[in-house]
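Side chains included, hydrogens not; waters and symmetry mates left out as well; all remaining heavy atoms used. Position 1 is the first residue of the sequence, and the numbers go up from there.
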Amino acid sequence: LFLNSIIYCQVHASETKKINLLILDKSSSSKYEIEFSKSYQFRNLSFELISCKSIEFDKYLDVAALLKITQNDEIFIGWFFKFTDELNLYSNKIYEISLINC
């Protein structure tokens, strides 16, 4: 019974996590806001949400999302931060990606 309740909570938690991203297309100066829970295809970019975390350290509060981004044959796996976006390591010539919420 205990094991069943743990598995149910994990499955339920994984179903409810959603992410909001802001994508800036530098070539056309257009902004797109996308929301998804597991994966999303945007033009030639493929997004996969791996994890969402709230970070609390002393007075530091932030939200982070671990994403897998695939473009053609290139794969990036890394953290995106809501408030400290200078820590976002993903770089692309055409798109700038920011975390809105997770």
Ring pair (Phe, Tyr, Trp, His ring centres under 6.0 Å) pairs touching residues 21-48, sequence neighbours excluded, are Y32-F42, F36-Y40, F42-Y95
For Y90, check side chain to side chain donor-acceptor pair (under 3.5 Å) against everything at least two apart and list the hits.
-> N92
To the nearest 0.5 Å, atom CG of N101 lies from atom NZ of K18 at 12.0 Å
Is it true that a side-chain atom of Q41 and a backbone atom of R43 form a donor plus acceptor pair closer than 3.5 Å?
-> yes
Look at atom NZ of K53 and say whether more than 12 heavy atoms of other residues, nucleotides or ligands are closer to it than 6.0 Å.
-> no
Do N88 and F81 come close enough that some side-chain heavy atom pair is under 4.5 Å?
-> yes
Would you say E86 has more than 12 foreign heavy atoms packed within less than 6.0 Å of its CD?
-> yes
Knowing that exactly one of I19, L87, L99 qualifies, which makes a side chain to side chain contact (heavy atoms under 4.5 Å, CB included) with F80?
-> L99
Between CD of E48 and CD1 of I77, what distance do you get to the nearest 0.5 Å?
-> 8.0 Å
Look at the side-chain heavy atoms of Ile, Leu, Val, Met, Phe, Trp and Tyr, link any pair under 4.5 Å apart, and say whether I23 and I94 land in one connected group.
-> yes
Output all residues satisfying side chain to side chain donor-acceptor pair (under 3.5 Å) with S27, sequence neighbours left out; order by chain, then residue number.
-> D25
Scan residues 63-102 for pairs that pass disulfide bond (SG atoms under 2.5 Å apart), counting only residues two or more places apart or in two chains.
-> C52-C102
Rounded to the nearest 0.5 Å, how far does OG of S91 lie from CD1 of I97?
-> 10.0 Å
If you group Ile, Leu, Val, Met, Phe, Trp and Tyr by side-chain heavy-atom gaps below 4.5 Å, do I34 and L49 land in one group?
-> yes
K31 and L24, any side-chain heavy atoms less than 4.5 Å apart | yes
Please set out all donor-acceptor pairs under 3.5 angstrom arising from side-chain atoms of residues 60-70, sequence neighbours excluded.
{"from": "Y60", "atom 1": "OH", "to": "D62", "atom 2": "OD2", "distance (Å)": "2.9"}
{"from": "Y60", "atom 1": "OH", "to": "T84", "atom 2": "OG1", "distance (Å)": "3.0"}
{"from": "D62", "atom 1": "OD1", "to": "K82", "atom 2": "N", "distance (Å)": "3.3"}
{"from": "D62", "atom 1": "OD1", "to": "F83", "atom 2": "N", "distance (Å)": "2.9"}
{"from": "D62", "atom 1": "OD2", "to": "T84", "atom 2": "N", "distance (Å)": "3.2"}
{"from": "D62", "atom 1": "OD2", "to": "T84", "atom 2": "OG1", "distance (Å)": "2.6"}

Which ILVMFWY residues are connected to I100, directly or by a chain of links, through side-chain heavy atoms under 4.5 Å apart?
-> L22
